[in-house]
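Every value quoted in this text rests on a predicted model; they were computed, and no experiment measured them. We use all heavy atoms of the structure for the numbers below, so side chains are in, but hydrogens, waters and symmetry mates are not.
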Amino acid sequence: MNAAILPSHQPLPFATALRLVAAAGGWANALVVVGIAAGPALALLGGTDPGPAYLALTLAAMLTMFWAMLAGGRLLGICVTASALRLPHWRRPLLACACVAMGGVVLLPALVHALSSHIDLALAVSALAAGMAAGLLWTSMPPWTMFALIAAGVPASRLLVGIDDDAVAAVLLSPALLPGLTVLLLAAAALCWAWIGKRRGAMGTWSTPMAVAFARSGFASLDQAQQDSYNSRLFMQDTPVGSELRRHPQQALAIALGPGFGRSTFKSMLGTQGPIVAVALFWLLLGTGDGKVHVGLQFAPIMVMSVAFAPMIRLQSLFARPAMGLHELALLPGLPRNAAASLSGHMLRQAIGRGLPALAVMAGFGLAVGAPRPYYHLLLWIFAAGMLLLAASTLLSLHSRVARWGCGALMVALILAVLASMMVATGSKFTAPAWLLPAWSAATLAGAVLHGWALARLKALPHPWLAN
């Protein structure tokens, strides 16, 4: 399938390259939209203060890195496939895709950030280009080197705590740092691909870059696919199958929904909460900053909400791609009779079960850095509002393409609202304005009402899993 898009020696048209890059990004394209919208939103909150604008640019660079990890991995996987199949002139279309990605993911967001704030355009381009280069390197390097870089990054970031903030800012904003870092990251990625090209024979799990894994999944043999599944089982979310499913139809529903919806196991708990714990520990290693409010408090609600996203994204994927088998599995006997209510309840239980431990981790992080009481109130209400609003929009989007776009827009709006709320609340002391908690309480109530309406609409269908 990948080979069909790269057979011609003619230059790839702009529209075709744009569609290919957008398809490679998939859901991660929403991250680019969040990065673009964060610039004007946070710059308006900051007024003449450049701090929020730099925070928005940093957030955009991080989101660009995650986009490059996913989209870059897929595009590089097409390169691997094209090279293995010895397609003629396959480098030209990929070069066109690289130019489109550079323009849409780096230049356009950088222009928006520069126009909406006092940030220099060259600095914005350099920061986003460095983020993209970091994502490409991350998807190109062998997995074992990732752990080595993380282990080296912790003491390196700890050293920054003892340096004066103004000195750190002067180094980070120097004209030569980010372009030089971008060149260094791209050179490291090129070395990784030179190493991949010299390798002969099969690579193991810990030496296979993510881009190569993307390519291998497209044309691997059945035996190779089974071996890859066995090797990567440590990192996969499983669905434990219980006994006597006839008496427990909810377990049958969990099996139908697939990985991530089964009974909780130690491995599933580790895979879900491990990144949250790692981020909290990393923030603690960075220190509190001489009595200032810890910057991690601003991002804590987003970390909690991100854990609850997984069941909702999985459910939307099942409905958007019938080939994944949900529609056929819905016809099997033994599933719950009230399909709509069971589907909604199971999704909410999964979101709550994943979110509450993450909420406890971020509350513990707040205790460790001495966060005041308003932080915990905001953390709780933001999680409740975000979970209910996203669950309701997910139910609405199952049979509506327009609602799917609305769900994506709501996710972007929620992330921006969380950042804006935490920025308004943080200062020399964490003090929430009088209107902030009632606003999130109203959002929670609106989410509950919207969820009830979405469930009633789903129940009205002949079958919520089969009706179009």
Side-chain angles (χ1 to χ4, degrees), residues 26-35 37-38 41 59 63 66 237 254 257-261 272-273 275-276 299-321 326 340-359 361-362 378-422 439-459 464:
W27 63 267
N29 294 329
L31 300 179
V32 180
V33 177
V34 173
L59 176 64
L63 296 176
F66 284 111
Q237 291 288 320
L257 293 176
F261 279 87
T272 302
Q273 306 299 331
I276 306 295
F299 298 98
I302 295 180
M303 295 300 300
V304 176
M305 289 172 55
S306 66
V307 178
F309 286 167
M312 303 170 191
I313 293 176
R314 168 70 181 175
L315 197 56
Q316 285 187 338
S317 301
L318 288 172
F319 275 83
R321 304 190 178 205
L326 177 65
S342 299
L343 188 67
S344 170
H346 201 66
M347 182 182 64
L348 274 179
R349 281 191 293 271
Q350 287 293 327
I352 294 173
R354 291 166 177 263
L356 286 181
L359 193 68
V361 171
M362 287 302 157
L378 270 178
L379 189 66
L380 178 61
W381 282 111
I382 288 176
F383 168 67
M387 184 189 62
L388 286 173
L389 286 171
L390 289 174
S393 62
T394 299
L395 293 181
L396 288 174
S397 64
L398 295 182
H399 298 287
S400 172
R401 188 174 299 238
V402 175
R404 251 176 238 158
W405 287 99
C407 184
L410 177 63
M411 187 178 298
V412 172
L414 273 175
I415 293 175
L416 294 178
V418 170
L419 288 175
S421 299
M422 301 306 288
W440 281 106
S441 303
T444 304
L445 180 61
V449 173
L450 185 63
H451 187 273
W453 179 69
L455 180 57
R457 181 178 176 274
L458 202 62
K459 287 180 178 178

Between F383 and A351, the two heavy atoms sitting closest are CZ-O, 4.3 Å

Point to revise | side chain to side chain contact (heavy atoms under 4.5 Å, CB included) between F299 and L419, worked out | key: CA-CA 7 Å; F299 298 98; L419 288 175; 3.8 Å; yes

Closest non-hydrogen atoms of S421 and W440, given as atom of the first, atom of the second and distance, are OG-NE1, 3.1 Å

Closest non-hydrogen atoms of L416 and V34, given as atom of the first, atom of the second and distance, are CD2-O, 4.2 Å

Rounding to 0.5 Å, atoms CG (L455) and CG (L450) come to a distance of 11.5 Å

Output for pair (R354 CZ, I276 CD1), nearest 0.5 Å, gives 11.0 Å

Separation between CG (L31) and CD1 (I415), nearest 0.5 Å, reads 7.5 Å

CZ (R457) and CG (L396) are apart, to the nearest 0.5 Å, by 6.0 Å

When every non-hydrogen atom of G35 is compared with those of L63, the smallest separation belongs to N-CD1, 3.6 Å

Distance col, row Q350:CD vs I352:CD1, nearest 0.5 angstrom, shows 10.5 Å

Value for CD1 (I382) from CG (L414), rounded to nearest 0.5 Å, stands at 9.5 Å

Hits for side chain to side chain donor-acceptor pair (under 3.5 Å) against T394, two or more places apart or cross-chain, chain-then-number order -> none

Those residues at least two apart in sequence (or on a different chain) that pass side chain to side chain donor-acceptor pair (under 3.5 Å) with S344 are H451

Note: A391 and M347 closest approach over all heavy atoms is O-CE, 3.6 Å

Output side-chain donor-acceptor pairs under 3.5 Å for residues 300-313, partner residues at least two apart or in another chain, one line each.
from: S306; atom 1: OG; to: I302; atom 2: O; distance (Å): 3.4
from: S306; atom 1: OG; to: M303; atom 2: O; distance (Å): 2.6

**OP:** Using atom types as modelled and distance alone, determine if a side-chain donor or acceptor of S397 lies under 3.5 Å from a backbone N or O of S393.
**Re:** yes

Closest heavy-atom pair, G447 versus L389, reported as atoms and distance to 0.1 Å, is CA-CD2, 3.5 Å

